[in-house]
Amino acid sequence: MTAAGTAPFSSLPEGHRPPVLDADQAVEVAAELASYLAAGAAERDAERVLPAEPLDRLAASGLQGITVPTVFGGPGLGAVAAAEVTRLLATGDPNVAQIPHSHFVYVNALRHAASDAQRSFFFGEVLAGRRFGNAQSEVGTRHVREFRTALTAVPAAEGGGWRLDGEKGYATGALFADWIPVLAHRGVGEDGTAGPLHVAWVEREAAGVSVVDDWDGLGQRTTASGTVRLEGVRVPDAHVTPWHLTFDGPQVYGAFAQLLHAAIDTGIARAAVGDAAAFVTTTSRPYPDAGVERAAEDPLVVHAFGEVELAVRSAEALLREAAIAVEAAEADLTAVSAGTASLAVAAARASSTAASLEAGTRLFEVAGTRSALARLNLDRHWRNARTHTLHDPAAWKVQHLGRHAVDGTLPPNHGQI
C-alpha cells in the first residue's frame, strides 16, 4: 500500500526515453534541477509533501542512468560525476537527493555481481527511466549488519524460484520505486545457518509487497523512508543476484555508497550558507555596536561567514578528493587502493558531517532573531543535516583515519567505510 495521493512508481510521459548524458551534461542538468528543487524545498518540508513530481523530473532527466556502463548503452560515468550530481541535487533539496542514493548504489551492485543477462535487463530498465528503491536495513536486529529477511527455495513442482519474507525499515526510495532491491539470506547452509546474502529484485507492485509511508523523522522528512513488508513474494532465479561476493576481496562498493552520503551532507552545508547569505544581505539588521549600515558589513558576521565557508570548502575539497580516489581504486583494485579510497571517503564523511551541522547551526547566529521565524523554515537545514548524518557515526570514520595514521592499519572491508 502507499500513502494517499502519492505516485508509487515512475510516471514518465508515454514514449519518453531519458537522454544519455556525458559528464558535463550531467552536471549542467543537475544544477538546473537543483534550482527547481530549491524553489519548493521549504514548503515540501513544512507540509511534508512527498516529492512525486520532482522525482519524475529526475527520472526523465537522464541522471539516474549516468553510471550504467557503456557496454550496456549508458555513459559509464564514475564516482566523480555521481558525487557531484548528488551534491548539486542536495543543494536544492537533500530529501530528493537521498532518494536516488540507493538507486546508484544498487546499479553499482549489478556492475559488481550480476550476470551479463541480469545486467542487460536491469540496466535497460534504468536507461528507460525506471527507479530502484531500497529495502536493506532492518529494525530490531542487534546491529545494522544483521539481517533476518530470507529467500526460501520453492519446489519445482510449485513453479520453482524463491519465496521472499521479511520486513525492512528505513527503506528510502521504495515508495517511489519501480524495482525494490531487497537484501536477504538465500536458503540455508549445510550447518543449518542462514545462507549467504543476496539481492532479490522485486517489482514494486508485486503480490505480497507492502510499502508503508510511516517515516516521521525530524529532518529529511520527505524521503518517505518507511517500512517494506514482504509476505510470500515470489522471486524468479533471474531476479536474484549475489551480494556477499562483493566483499570476498578488495572493493569500493562501500566507499562509493559512503561517498554519496558525504555528497548529500556537503550539499546541505552549501545550501545553508547560501540561505544565510541571502537573509543577511536582504533582511537582517546590523547590531548597533558594530557601527555599520548593513548586517553584511558587521565584522563579527563576516568572520563567522568566513569560518563556516572554510568548513564547507574543506568538505567540498575532500569530497572531490575522495571521488577521485574511488575512481582510481576501481581502475587498479588492490587491498591498498581500496583501503586508500575508503580512508579518503571517511575523511570526506567526517568533514561533511561537521560542516553541515555547523552551517545549519551558525546560520541563525549570523542572520539574527528574524531568521528563527517558523514560517521561514530555515531550521530545515540543521534538521536535515542532523538526521542524515546519523546514517553512520562520524566518530568511526575518525577512528579508522587515526588507526591508519598511527600504524598504517587499513580500514575493514565492509560496506560502511
Side-chain angles (χ1 to χ4, degrees), residues 1-9 33-59 86-103 131 133-137 139 168-177 180 211-228 260-276 352-353 355-361 363-364 371-392:
M1 70 182 117
T2 65
T6 64
F9 30 81
L33 190 52
S35 296
Y36 157 73
L37 294 174
E43 181 180 358
R44 284 191 296 271
D45 175 89
E47 303 296 330
R48 198 178 182 273
V49 177
L50 298 182
E53 182 181 348
L55 289 172
D56 283 343
R57 289 202 181 196
L58 177 62
T86 301
R87 186 193 71 82
L88 286 168
L89 293 177
T91 64
D93 187 341
N95 294 268
V96 175
Q98 186 181 335
I99 291 172
H101 174 279
S102 295
H103 174 92
R131 292 193 283 255
N134 152 53
Q136 179 164 310
S137 296
V139 178
K168 299 289 188 175
Y170 307 115
T172 305
L175 186 66
F176 295 99
I180 304 176
V211 183
V212 185
D213 178 26
D214 56 0
W215 168 244
D216 63 350
L218 66 87
Q220 294 296 92
R221 299 181 67 228
T222 63
T223 59
S225 301
T227 300
V228 173
L260 299 191
H261 279 308
I264 293 169
D265 295 332
T266 305
I268 293 172
R270 177 52 66 193
V273 172
D275 276 0
S352 64
T353 294
S356 60
L357 293 171
E358 181 179 4
T361 299
L363 182 161
F364 298 98
S371 64
L373 293 173
R375 61 179 171 80
L376 300 174
N377 200 18
L378 291 173
D379 61 303
R380 74 185 187 279
H381 295 298
W382 180 87
R383 289 187 289 102
N384 289 336
R386 181 65 285 175
T387 302
H388 185 259
T389 56
L390 297 176
H391 271 82
D392 303 280

Within the 3.5 Å criterion, strictly below it, is a donor on D45 or N377 matched to an acceptor on the partner's side chain?
yes

Would the distance check show the side chain of T361 and the main-chain N or O of E358 forming a donor-acceptor pair, the cut-off being under 3.5 Å?
no

Are L218 and W382 packed together at the side-chain level, in the sense that at least one heavy-atom pair is separated by less than 4.5 angstrom?
yes

Among D93, T222, N95, whose side-chain contact (heavy atoms from CB on, under 4.5 Å) with N384 holds?
N95

Quick one: are L58 and L89 in side-chain contact, heavy atoms under 4.5 Å?
yes

Among H391, Q98, R383, which one satisfies side-chain contact (heavy atoms from CB on, under 4.5 Å) with Q220?
Q98

How close do G360 and A272 get, heavy atom to heavy atom, and via which atoms?
N-CB, 4.2 Å

Salt bridge present between R386 and D379 (N-O < 4.0 angstrom)
no

From R131 atom CZ to L175 atom CG, the distance as rounded to the nearest 0.5 Å:
9.5 Å

Here the gap from Y170 atom OH to W215 atom CH2, rounded to the nearest 0.5 Å, amounts to 6.5 Å

Side chains of S356 and T266: closer than 4.5 Å at any heavy-atom pair?
no

Verify whether one side chain among D265 and H388 offers a donor that lies under 3.5 Å from an acceptor in the other.
yes

Looking at side-chain heavy atoms only, is the closest gap between H261 and T353 below 4.5 Å?
no

Any non-hydrogen side-chain atom of F176 less than 4.5 Å from a side-chain atom of L50?
yes

Listed by chain and number, what are the side chain to side chain donor-acceptor pair (under 3.5 Å) partners of S225, not counting sequence neighbours?
T172, T223

For G169 versus V139, what's the shortest heavy-atom pair and its separation?
CA-CG2, 4.0 Å

Locate the shortest heavy-atom distance separating A269 from A359; write the atom from each residue and the value.
O-CB, 3.7 Å

R380/D275 ion pair, N-O < 4.0 Å:
yes

Looking at every heavy atom in both A97 and I264, which two are closest together, and how far apart are they?
O-CD1, 4.1 Å

Determine yes or no for a side-chain-to-main-chain donor-acceptor pair under 3.5 angstrom, with K168 supplying the side chain and V228 the backbone.
no

Quick test of your reading of the model: are D216 and R48 salt-bridged, counting only N-O distances below 4.0 Å?
no

Straight-line distance of L88 CG to L37 CG, nearest 0.5 Å:
10.5 Å

Partner residues of S137 under the side chain to side chain donor-acceptor pair (under 3.5 Å) criterion, sequence neighbours left out
none

How far apart are the closest heavy atoms of N134 and S102, and which atoms are they?
CB-OG, 3.1 Å

How far does CZ of R221 sit from CZ of R44, to the nearest 0.5 angstrom?
13.0 Å

Within 45° cone and under 6.0 Å: R57 NZ/CZ vs Y36 ring
yes

Can you name the closest pair of heavy atoms from A263 and A90 and give their distance?
O-CB, 4.2 Å

